[in-house]
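Note that these values count all heavy atoms, side chains included, but never hydrogens, waters or copies made by symmetry. Treat the numbers as computed from the prediction; the structure is a model and nothing was measured.
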Amino acid sequence: MSIIRDPYTYLLGEFAELVCRALADFCPSLALNDVLHIIEEPPRREYGDLSLPMYRLLKYCKVDLSKFANAVRNISLNKIFMELKIVNDYLNVRINTAEYAKVIINAVRGDGANYGLIPDDRKLNIVIEFVSANPVHPLHIGSGRNAVLGDFLARLFEVKGHNVQRRYYINDLGRQVATLVYGYMRLGMPTPPEDVRPDIWFGLIYAVTNTIIDILRLRKELSNAGKNDPEAYVKQLELDELIMTLSELRSRNKELVDRLLDNISRDSDPDKNVEELMMRYESGDPKAVSLFRFVVAKVLSGIQETLRRLNVRFDKWDWESDLVFNGMVRNVLELARKSNYFILYKGAPALDFSSLQHDPDIKKSLKLPKSINIPPLILMRSDGTSLYVTRDIAYTIMKFNDSRADLVINVIANEQTLAQAQLRLALYALGFKEEAVRTIHFSYELVNLPGVKMSGRRGRYVSVDEVLDNLEYMVEEIMRSRGSTVSNEVKKVISVGAFKYMMLASSPNKVINFDANEALNLNRNSAPYLQYTYARTCGVLNKYGRDLEWDLIDYSAANVEPRRELLYHIGKFPYIISKVATDLEPEILIVYLNRLADLFNSWYDQEPILKEVSEGIKQLKLFITYATNIILRNGLGIMGIDVLERI
RNA sequence: GGGCCCGUGGCCUAGCCAGGAAAAGGCACCGGCCUGCGGAGCCGGAGAUCCCGGGUUCAAAUCCCGGCGGGCCCGCCA
């Protein structure tokens, strides 16, 4: 007999088969999958362990419910089910826990430390592009959410046996980097200070430069406008706000801000100079290239430090500018010119999707929004420089070619839904139909600060590092209040875990309103709670100090609450992992692990494990502890959260 | 004007896609449990018009339509 690796799925299958066989005579069209679909868990355990609402069978065969009931009543139970009852038109079964425990125990015994991690049959090449934050300031918590989600997806697919490549798109051709470089030049290109993180230092230059440029532009507009310009009032308000922002920034580094203000004010047209810089860089001017690359690499080194702190790694760092330098962007433009969808829009080369976007088949396969009007996609500026989406088309093609990808997943904020739809349409229009279908936008919502709008341009954001620093401080405080100390290692594992948990605990398409007090709460329903529970299991297992005596386990002792419930939950882990991998919803895993920890802690308080006198029961209890231990480690592992043997 | 996402006790979150038995966790609040294998824990209590209005259905937090509220997008920005 081969070992069953996924007990719960096996259980569902057995139940469905039982039902199908019983109803085969008068309900021949009823498929196993239909029944599987209908099976649910009763709201309360008294009803049974699994339940089939019989009225839902009426969809498949129209006969009287009593006929179902009669047929079902005569089901001869196999050994894993021990009781069958019909209550309120529900067919409820009770599991023979002793038998089911055997299945679960064999599954855990067979897979050991890999319990629950069952590879898919087909091994895919999956590219995940994530973070890809503009290299102009430190990672803020929004990017932190992206990093944690992308890392979660990568770990999940790896566990499911796929070949995962993690890529970071270094967006160095945009106006943002050019603005930063411009500011750095105006500052006189000083050597970045050693004692400040480069992303923080350059991030300040970036915010200050942006704000000053905007102030100068507004001032010019105001002085040109007539006194009766109705917009003048609004502009004045905007200007006042910017000046406040600048004075806030000034409080961080007076000298730097004054110098920038002085030097940028002397420039008669900063906007034009920023654009000129962009052009020089894109055309490959060696001086511009070395300067841009220097600045970006510096900022990136800071970002990488944060990512290392989060234990998020990348396989490839893709420079956007390389796509222009190596001709790939030009190729895309040439392809576009030859395509049937090419038009000149307001004099600029563009793709027109009006004939494509309403085709129901295309809409469905490319997962386009129901009724949406996608405007023509302009591919090139009239000054000859490239645009973001054009470069992104080239990049996507490269991601497919580079790693023979079956799937490209882009972890990108919800605000880019339209742009991502445009990207897929453009790929389709240029003849990359397969690629278009296999490009997946994994969308997530932003992280908001209560009251303030986060803005990198204004230097207004909470960085990942600040949050982690605060979390570490909280951990220290808690330990101090208990009269003990904490190692750096423990402090780091707990704070990083708490951060990741926070980012994964709510559905990706929900906005997170970042509340510092809430975020620093290390109580239940958090990573530390799960880590603590894990450490508890380690404590017991270490104290026992030997391997389990699998053959001595007393299965019959499984049929006692709350062991029963706990075992049932343990048996569900592989099923949960599969579900998470299908739905790509981290919160499912979190809910499951919390419940497991709750059940374990509650049980732990009720029954001694090591003091159990019956050897068979003691081995069963050790098994429960061991399985909980493995599940917590594997579950947290997928979330990128480390565990500790001692806290 | 059009589109996307969200709305569940005071607060945060699961359940919604695949409708089904008395809506599930947590925080905060109230009351108990520390010489026991780890109290970052355990036991108990209180607290909900599932945003509103229609519709579909034997049955709606869940599906459909229309509102309301919040966030976001519709650029020769990224």
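With sequence neighbours excluded, the residues that form a salt bridge (charged side-chain N to carboxylate O under 4.0 Å, His left out) with A/D49 are A/R45, A/R564. Contacts of A/Y182 classified as side-chain hydrogen bond (donor to acceptor under 3.5 Å, both in side chains), with partners at least two apart in sequence or in another chain: A/D267. Under the rule for a side-chain contact (heavy atoms from CB on, under 4.5 Å), the partners of A/V511 that lie at least two apart in sequence or sit in another chain are A/E445, A/N448, A/N513. Taking the ring-ring contact (aromatic ring centres under 6.0 Å, His included) definition, one finds that A/Y501 meets it with nothing, sequence neighbours left out. Listed by chain and number, the residues in a ring-ring contact (aromatic ring centres under 6.0 Å, His included) with A/F202 are A/Y184 (sequence neighbours excluded). Every residue meeting the side-chain hydrogen bond (donor to acceptor under 3.5 Å, both in side chains) condition with A/E282, not counting sequence neighbours, appears here in chain and number order: A/S386. Contacts of A/L387 classified as side-chain contact (heavy atoms from CB on, under 4.5 Å), with partners at least two apart in sequence or in another chain: A/I378, A/R381, A/T390. Contacts of A/R44 classified as side-chain contact (heavy atoms from CB on, under 4.5 Å), with partners at least two apart in sequence or in another chain: A/E46, A/Y47. Here A/E587 pairs with A/S507, A/P508, A/E585 under the side-chain contact (heavy atoms from CB on, under 4.5 Å) rule; sequence neighbours left out.
The cationic atom of A/R391 (NZ for Lys, CZ for Arg) does not lie both less than 6.0 Å from the six-membered ring centre of A/Y388 and within 45° of the ring axis.
Taking the P atoms as reference points, B/C12 lies 38 Å from B/C58, given to the whole Å. Between B/C34 and B/G71, the two P atoms lie 50 Å apart (nearest whole Å). Across the C1' atoms, B/C27 and B/A46 are found 15 Å apart, a figure rounded to whole Å. B/C50 sits 16 Å from B/G69 when the C1' atoms are compared, rounded to a whole Å. If you take atom C1' in B/G26 and the same atom in B/A21, they sit 25 Å apart, rounded to whole Å.
Listed candidates were B/C4, B/C42, B/A22. Nearest to the side chain of A/S602 is B/C42. When distances are taken from the side chain of A/H37 to each of B/A18, B/A21, B/G15, the shortest belongs to B/A18. Out of B/A21, B/C17, B/A40, the shortest distance to the side chain of A/D583 is found at B/C17. Distance from the side chain of A/K510 is smallest to B/U13 among B/G15, B/U13, B/G71.
Counting atom types as modelled, A/S51 pairs a side-chain N or O with a base atom of B/A21 as donor and acceptor under 3.5 Å. With hydrogens and angles ignored, a donor-acceptor pair closer than 3.5 Å exists between the side chain of A/N92 and the base of B/A21.
Using the Watson-Crick or G-U wobble rule with both distances under 3.5 Å, B/G10 pairs with B/C27. Under the Watson-Crick and G-U wobble criteria, each requiring two contacts below 3.5 Å, nucleotide B/U57 is left unpaired. The pairing partner recorded for B/C76 is none, the criterion being a Watson-Crick or G-U wobble arrangement whose two distances lie under 3.5 angstrom. With both pairing distances under 3.5 Å, B/C4 is matched to B/G71 as a Watson-Crick or G-U wobble pair. When Watson-Crick and G-U wobble pairs are counted only if both distances are under 3.5 Å, B/G41 pairs with B/C33.
Rounded to an integer number of Å, the gap from CZ of A/F442 to P of B/C4 is 20 Å. The separation between A/N513 atom CG and B/C11 atom P is 13 Å, rounded to whole Å. Here B/C6 presents its P atom at 11 Å from CD of A/E585, a figure rounded to the nearest Å. With rounding to whole Å, A/I512 atom CD1 is found 18 Å from B/C11 atom P. If you take CD of A/Q357 and P of B/G3, they are 13 Å apart, rounded to a whole angstrom. Between the CG atom of A/L596 and the P atom of B/A24 there is a distance of 21 Å, rounded to whole Å. Look at CD on A/Q422: it is 13 Å from C1' on B/A78, rounded to the nearest Å. Atom CG in A/L58 sits about 12 Å away from atom C1' in B/A59, given to the nearest Å.
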Distances for protein N or O near nucleotides 74-76 of chain B N or O, under 3.5 Å:
from  : atom 1 : to     : atom 2 : distance (Å)
B/C76 : O2     : A/S382 : N      : 2.5
B/C76 : O2     : A/S382 : OG     : 3.1
B/C76 : N3     : A/S382 : OG     : 3.0
B/C76 : N4     : A/K346 : O      : 2.9

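A/S132 and A/E129 share a side-chain donor-acceptor pair at under 3.5 Å.
Near RNA chain B, meaning a heavy atom under 4.0 Å away, the residues from residues 167-176 of chain A are A/N171, A/G174, A/R175, A/Q176.
Within the 4.0 angstrom heavy-atom criterion, base atoms lie near A/I494. Contact annotation for A/N134: backbone-only contact, meaning every heavy-atom pair under 4.0 Å involves sugar-phosphate atoms and none involves a base. Among the protein residues, A/R457 comes within range of no part of the nucleic acid, since none of its heavy atoms lies under 4.0 Å from any strand. Among the heavy atoms of the strands lying under 4.0 Å from A/R56 is at least one base atom, whether or not backbone atoms are also near. Within 4.0 Å of A/Y55, counting heavy atoms only, lies at least one base atom of the nucleic acid. Counting any heavy atom pair closer than 4.0 Å across all strands shown, A/K579 reaches a base atom. A/Y388 comes within contact range of at least one nucleobase, with a heavy-atom separation under 4.0 Å. Among the protein residues, A/M502 comes within range of no part of the nucleic acid, since none of its heavy atoms lies under 4.0 Å from any strand.
Ring pair A/Y169/A/Y395 is parallel by interplanar angle, where below 30° counts as parallel and above 60° as perpendicular.
Comparing A/N601 and A/N448 against RNA chain B, the residue whose closest nucleotide sits nearer the 5' end is A/N601.
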Per-nucleotide protein contact along nucleotides 25-38 of chain B, 5' to 3', at a 4.0 Å heavy-atom cut-off (B base, S sugar-phosphate only, - neither), is SSSS-------SBB

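For A/V299 against A/H137, the heavy-atom pair with the smallest separation is CG1-N, 3.9 Å. In this structure, A/P135 and A/L300 approach most closely via the heavy-atom pair CB-CD1, 4.2 Å.
Shown here, B/C5 is classed anti by the O4'-C1'-N9-C4 or O4'-C1'-N1-C2 angle, which is more than 90° from 0.
In this structure, A/Y529 reaches the B/C42 phosphate: one of its side-chain N or O atoms is under 4.0 Å from OP1 or OP2. Residue A/N509 has a polar side-chain atom (N or O) positioned under 4.0 Å from OP1 or OP2 of B/C6.
Listed for the A/N542 side chain is no donor-acceptor partner under 3.5 Å among the backbone atoms of A/G545.
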